[in-house]
Visitor: 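I'd like to ask some things about the structure below.
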Amino acid sequence: MEKFRVRGGARLLGTVQVSGAKNAALPCLAATLLTAEPVRLYGLPRVRDIVTMEKVLATLGESCQHENGTTTVTVGAIEAAHAPYELVRTMRASVLVLGPLLARRRHARVALPGGCAIGARPIDLHLNGLVQLGATVTVQRGDVVAQAPGGLRAARIEFPRITVTGTENLLMAATLARGTTVLRNCAREPEVVDLAQLLTAMGARIDGAGTDTIVVEGVGELGGASHRVIPDRIEAGTYVAAAILAGNGVRVQGCIPEHLTAFLDTLRAAGARLEVESDSIFVPGQGERLRAVSVTTAEYPAFATDLQAQFLTLMTQAEGESAITEAIFENRFQHVLELKRMGAHIEVAGRCARVTGPSRLEGTAVMASDLRASAALVLAALVAEGETIVDRIYHLDRGYERMDDKLRALGARVERYNPGPYQ
Ligand code: EPZ
């Protein structure tokens, strides 16, 4: 299993280019199931979750050709409609194929995703929504089996709680449902808006994406389209955090700063110096320490849960006590125990982690547990004294394109290596 070896203390300098958003690319890839015509997607990040989704599409009869930054997805001959467990268990976002498959092929069989490190993460809201669109949904031998022999019909659906992929799944399904569907209490994430832009380019009739109410007028069929996915706001935020921790002047290039407003406002409240341009964020050397500030994660446009772990690492170096409350997932403090082993002062009670800083971090062997916790450990290793070995970095590779290369290009002492078998 590959590891990172990080030697702390290097100062980061230069420009890091942000890749396409994993969480926009995944629903956009699933949306290609809605048409028999080729869909060209630009700017997909080369990360493991995208490779997994392309494998899921391949099992459903789609083929993905890659050519200098363009991924062209076309439907193959196979009319299979079964996303198998061995793929779905590695990436719960595979559930995003359920809505489009059902809408276009009128039946779908997708393995129930298991839980994951950060929580149970059920998909009841997805399934209830599809039933309201006229599908019959059963669970058979660990698979969700959804049928709509007469096609889907429009409905007025109110999400009991905000769900990003639930919104995306039902948005895709509604594009081919007969009549006008109204979705209320929707997720407002930029990735939902990006998906709606692709669907509209394919011929869908959608109004309100990015607000809590989305209206979809069903159409008979969708066609091919070309679409560039938005930059990854979570990757951008991760490098902004790295630059504050260990930088002497780092530009995070090719991002959309307004997708990070809550995060940047919180950093400024902590005393961070940031220069925001239209498509980049420049982080000068920080001079004085950050002040501890408290934050609670919530749905977009509030402080993103996907930046909570990275922010917590920042607060280990800030002056004072911060209370970080994780209100979205029930178990998203996996990084805390490893950070404490590095010397951080953190106490977790329920959904709240209290961080007292600044603490002197020491390099040691740590283990990644989920995507964003892994990033938080790498950030800590950048400022820890001595060498840190981060194990199980396949978690990191799921959502960060070549993080070691990007950090090394900024001057970080990061090396990816494989210790060989049995280690
Ligand atoms: C999306 O996951 C993202 N993944 C996650 O990013 C992100 O953390 C999350 O939204 C919250 O912003 C993708 O977009 C592929 P939810 P999703 O449905 O859609 C509960 C990363 O690091 N819920 O918005 O699965 C759920 O348990 C990943 O890139 C139900 O109870 O999250 C959670 O507590 C991690 N029933 C809350 O809602 C459901 O049917 C929000 O989950 C669905 C969700």
Side-chain angles (χ1 to χ4, degrees), residues 20-31 34 49 53 91-100 102-103 113 116 118-133 155-175 177 181-200 204 206-216 227 229-237 256 258-263 295-308 325-330 332 371-372 399:
K22 162 181 86 81
N23 290 350
L26 290 169
C28 285
L29 280 167
L34 289 164
D49 276 6
M53 180 60 92
M91 182 185 66
R92 49 176 290 94
S94 314
V95 74
L96 282 166
V97 303
L98 191 55
L102 189 58
C116 74
I118 63 177
R121 300 182 73 184
I123 58 166
D124 54 315
L125 305 181
H126 299 235
L127 305 184
N128 296 343
L130 293 175
V131 167
Q132 292 178 71
L133 287 175
R156 301 176 72 83
I157 298 170
E158 170 117 16
F159 288 103
R161 71 175 293 180
I162 293 172
T163 161
V164 176
T165 49
T167 299
E168 292 165 346
N169 230 337
L170 292 177
L171 171 58
M172 288 188 280
T175 59
T181 295
V182 180
L183 303 174
R184 292 195 188 288
N185 199 26
C186 296
R188 298 161 53 188
E189 270 70 1
E191 293 76 23
V192 174
V193 177
D194 203 43
L195 171 64
Q197 281 173 356
L198 166 62
L199 293 169
T200 302
I206 300 168
D207 195 27
T211 75
D212 62 0
T213 300
I214 301 177
V215 180
V216 186
H227 177 74
V229 297
I230 53 171
D232 194 316
R233 60 194 167 98
I234 305 303
E235 185 194 25
I256 302 177
E258 53 264 27
H259 288 168
L260 282 160
T261 301
F263 182 64
V295 74
T296 297
T297 65
E299 296 86 357
Y300 193 87
F303 192 102
T305 173
D306 291 350
L307 285 167
Q308 176 261 105
T325 304
E326 172 51 63
I328 301 288
F329 290 110
E330 65 266 30
R332 204 171 196 177
L371 172 53
R372 307 305 174 182

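What you see is a predicted model, and the numbers here were worked out from it, not measured in a lab. Sequential numbering from 1 along the given sequence is applied to the chain's residues.
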Visitor: Just jot down the salt bridge (Lys or Arg N to Asp or Glu O under 4.0 Å) partners of Asp306, sequence neighbours excluded, or say none.
Guide: Arg332

Visitor: Tell me whether Thr305 contacts the main-chain N or O of Ile328 through its side chain, where contact means a donor paired with an acceptor under 3.5 Å.
Guide: no

Visitor: Applying side-chain contact (heavy atoms from CB on, under 4.5 Å), can you list everything that pairs with Thr163, at least two apart in sequence or on another chain?
Guide: Leu125, His126, Phe159, Thr165

Visitor: Looking at residues at least two apart in the chain, or sitting in another chain, which of them share a side-chain contact (heavy atoms from CB on, under 4.5 Å) with Ala302?
Guide: Ala298

Visitor: Give the C-alpha distance, both sets of side-chain angles, the deciding distance and a yes or no for side chain to side chain contact (heavy atoms under 4.5 Å, CB included) between Leu96 and Met172.
Guide: CA-CA 9 Å; Leu96 282 166; Met172 288 188 280; 4.0 Å; yes

Visitor: Looking only at heavy atoms, which two atoms of Leu34 and Ala103 are closest? And how far apart?
Guide: CD2-CB, 4.0 Å

Visitor: Apply salt bridge (Lys or Arg N to Asp or Glu O under 4.0 Å) to Glu326 and list each qualifying residue two or more places apart in sequence or on a separate chain.
Guide: none

Visitor: Nearest 0.5 Å, what's the CG-CD distance between Leu127 and Gln132?
Guide: 11.5 Å

Visitor: For the residue pair Leu260 and Leu307, establish whether any side-chain heavy-atom pair is separated by less than 4.5 Å.
Guide: yes

Visitor: Using the rule given for side chain to side chain contact (heavy atoms under 4.5 Å, CB included), can you reason through Ile256 versus Arg233, listing the C-alpha separation, both sets of side-chain angles and the distance that settles it, and then say yes or no?
Guide: CA-CA 7 Å; Ile256 302 177; Arg233 60 194 167 98; over 6 Å; no

Visitor: With sequence neighbours excluded, what pairs up with Asn23 under the side-chain hydrogen bond (donor to acceptor under 3.5 Å, both in side chains) test?
Guide: none

Visitor: Phe263: what forms a ring pair (Phe, Tyr, Trp, His ring centres under 6.0 Å) with it, not counting sequence neighbours?
Guide: Phe303

Visitor: Report yes or no: does Asp49 contribute a side-chain atom to a donor-acceptor pair with the main-chain N or O of Met91 at less than 3.5 Å?
Guide: no

Visitor: Once rounded to the nearest 0.5 Å, what's the spacing between atom OG1 of Thr297 and atom CZ of Phe329?
Guide: 9.0 Å

Visitor: Could you go through Leu26 and Glu168, starting from their C-alpha distance and side-chain angles, then the distance that decides it, and tell me whether this counts as side chain to side chain contact (heavy atoms under 4.5 Å, CB included)?
Guide: CA-CA 10 Å; Leu26 290 169; Glu168 292 165 346; over 6 Å; no

Visitor: Find the distance between CD (Glu299) and CG (Asp212) and round it off to the nearest 0.5 Å.
Guide: 11.5 Å

Visitor: Any idea which heavy atoms bring Thr181 and Leu183 closest together, and the distance?
Guide: CG2-CD2, 3.8 Å

Visitor: Locate the shortest heavy-atom distance separating Ala30 from Met53; write the atom from each residue and the value.
Guide: CB-CE, 4.5 Å

Visitor: Over all heavy atoms of both residues, which pair between Val193 and Gly210 is shortest? Give the atoms and the distance, please.
Guide: CG2-CA, 3.4 Å

Visitor: Which heavy atom of Leu130 sits nearest to which heavy atom of Gly99, and what is that distance?
Guide: CD2-CA, 4.3 Å

Visitor: Could you work out, with side-chain contact (heavy atoms from CB on, under 4.5 Å) as the rule, every residue matching Ala24, not counting sequence neighbours?
Guide: Ala21, Glu191, Asp194, Val229, Ile230

Visitor: Mind checking what makes salt bridge (Lys or Arg N to Asp or Glu O under 4.0 Å) contact with Glu189, not counting sequence neighbours?
Guide: none

Visitor: Can you name the residues that form a side-chain contact (heavy atoms from CB on, under 4.5 Å) with Arg156, not counting sequence neighbours?
Guide: Val182, Arg184

Visitor: Would you mind reporting whether Thr261 and Pro301 have side-chain heavy atoms less than 4.5 Å apart?
Guide: no

Visitor: List the steps, then state whether side chain to side chain contact (heavy atoms under 4.5 Å, CB included) holds for Val216 with Leu170.
Guide: CA-CA 10 Å; Val216 186; Leu170 292 177; over 6 Å; no

Visitor: If we only count heavy atoms from C-beta on, is the Ile157 to Leu133 side-chain gap below 4.5 Å?
Guide: yes

Visitor: How close do Arg92 and Pro122 get, counting heavy atoms only, and between which atoms?
Guide: NH2-O, 4.0 Å

Visitor: Drop me the distance from Ile206's CD1 to Leu199's CG, to the nearest 0.5 angstrom.
Guide: 4.5 Å

